[in-house]
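Here it is, the structure in full.
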Amino acid sequence: MKKPYLRTLLLMGAITAMFASCEYDFIVYPEPYVPPVGTEDTISFSQDIIPIFTAQCVKCHKAGAFAPDLTAANAYSAITTGNFVVATKPEESIIYTCLKAGGSMNQYITVKEAALIYRWVYAGAKNN
Ligand code: HEC
């Protein structure tokens, strides 16, 4: 192969790589707010989390449909006995990992709501 061809090939490769790497660059997902260690975070399961489940999740997640059952009466026991939650460790909790960017349930929730769930798990996943 002659040199000019090689140069064209390299240039084309570089341009392709540039476009490929730019694909998702303009969608910026902020990291969830994490309260400083030692401060009490006040996320309430019944006041803050249940309304999100009710509005966006229970149409699919209820008894007789998909697990976990996220209806107000059953959500807490469904996600704590079903191992969807690891208290204080949102990064290991399916209830959060399925909601964050790239998660299978991400399309049903906003970044802000997912951050609330992150904070609720981080604060100990209390039934408050
Ligand atoms: C349109 C229906 C639908 C909606 C709305 C929906 N889900 Fe799901 N969800 C599913 C299906 C189907 C599955 C099982 C297949 C899968 O994991 O993708 C599932 C699985 C899950 C799982 C288990 C994932 C795992 O890896 O075991 C969790 C947790 C979950 N959803 C939470 C939620 C939450 C929280 C919401 C609301 C923000 C929500 N889902 C909204 C249909 C839905």
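Just the heavy atoms: all of them, side chains too, but no hydrogens, waters or symmetry mates, feed the values below. Start at 1 and go down the list; that is how both ligands and their atoms are numbered.
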Review point. Can you name the nearest heavy-atom pair linking K62 to T71, along with the distance?
Key: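 Looks like CB-CG2, 3.8 Å.
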Check your understanding: Which heavy atom of T97 sits nearest a heavy atom of E91, and at what distance?
Key ->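 Here T97 and E91 meet closest at CG2-O, 3.3 Å.
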Review point. With distance as the sole test, does S93 use its side chain to make a donor-acceptor pair with the main-chain N or O of Y96 at under 3.5 Å?
Key: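 The answer is no, because no donor-acceptor pair under 3.5 Å joins these two groups.
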Under a 3.5 Å threshold, I'd like every N/O contact between ligand 1 and protein atoms, with atom names and distance.
| residue | atom | partner | partner atom | Å |
| --- | --- | --- | --- | --- |
| ligand 1 | 7 (N) | H61 | NE2 | 2.8 |
| ligand 1 | 9 (N) | H61 | NE2 | 2.8 |
| ligand 1 | 31 (N) | H61 | NE2 | 2.8 |
| ligand 1 | 40 (N) | H61 | NE2 | 2.7 |

**Study point:** Nearest heavy-atom neighbours spanning P51 and S46
**Key:**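 Looking at all heavy atoms of both residues, the shortest contact is CD-O, 3.4 Å.
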Check your understanding: Using links of under 4.5 Å between side-chain heavy atoms of ILVMFWY residues, direct or through other members, which residues join L116 in one cluster?
Key ->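 I43, F45, I49, I50, I52, F53, V58, L70, Y76, I79, F84, V85, I94, I95, L99, M105, Y108, I109, I117, W120, V121, listed by chain and number.
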Exercise for review: Taking all non-hydrogen atoms of both residues into account, name the closest pair between C60 and A65 and its distance.
Suggested key: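 Looking at all heavy atoms of both residues, the shortest contact is O-CB, 3.1 Å.
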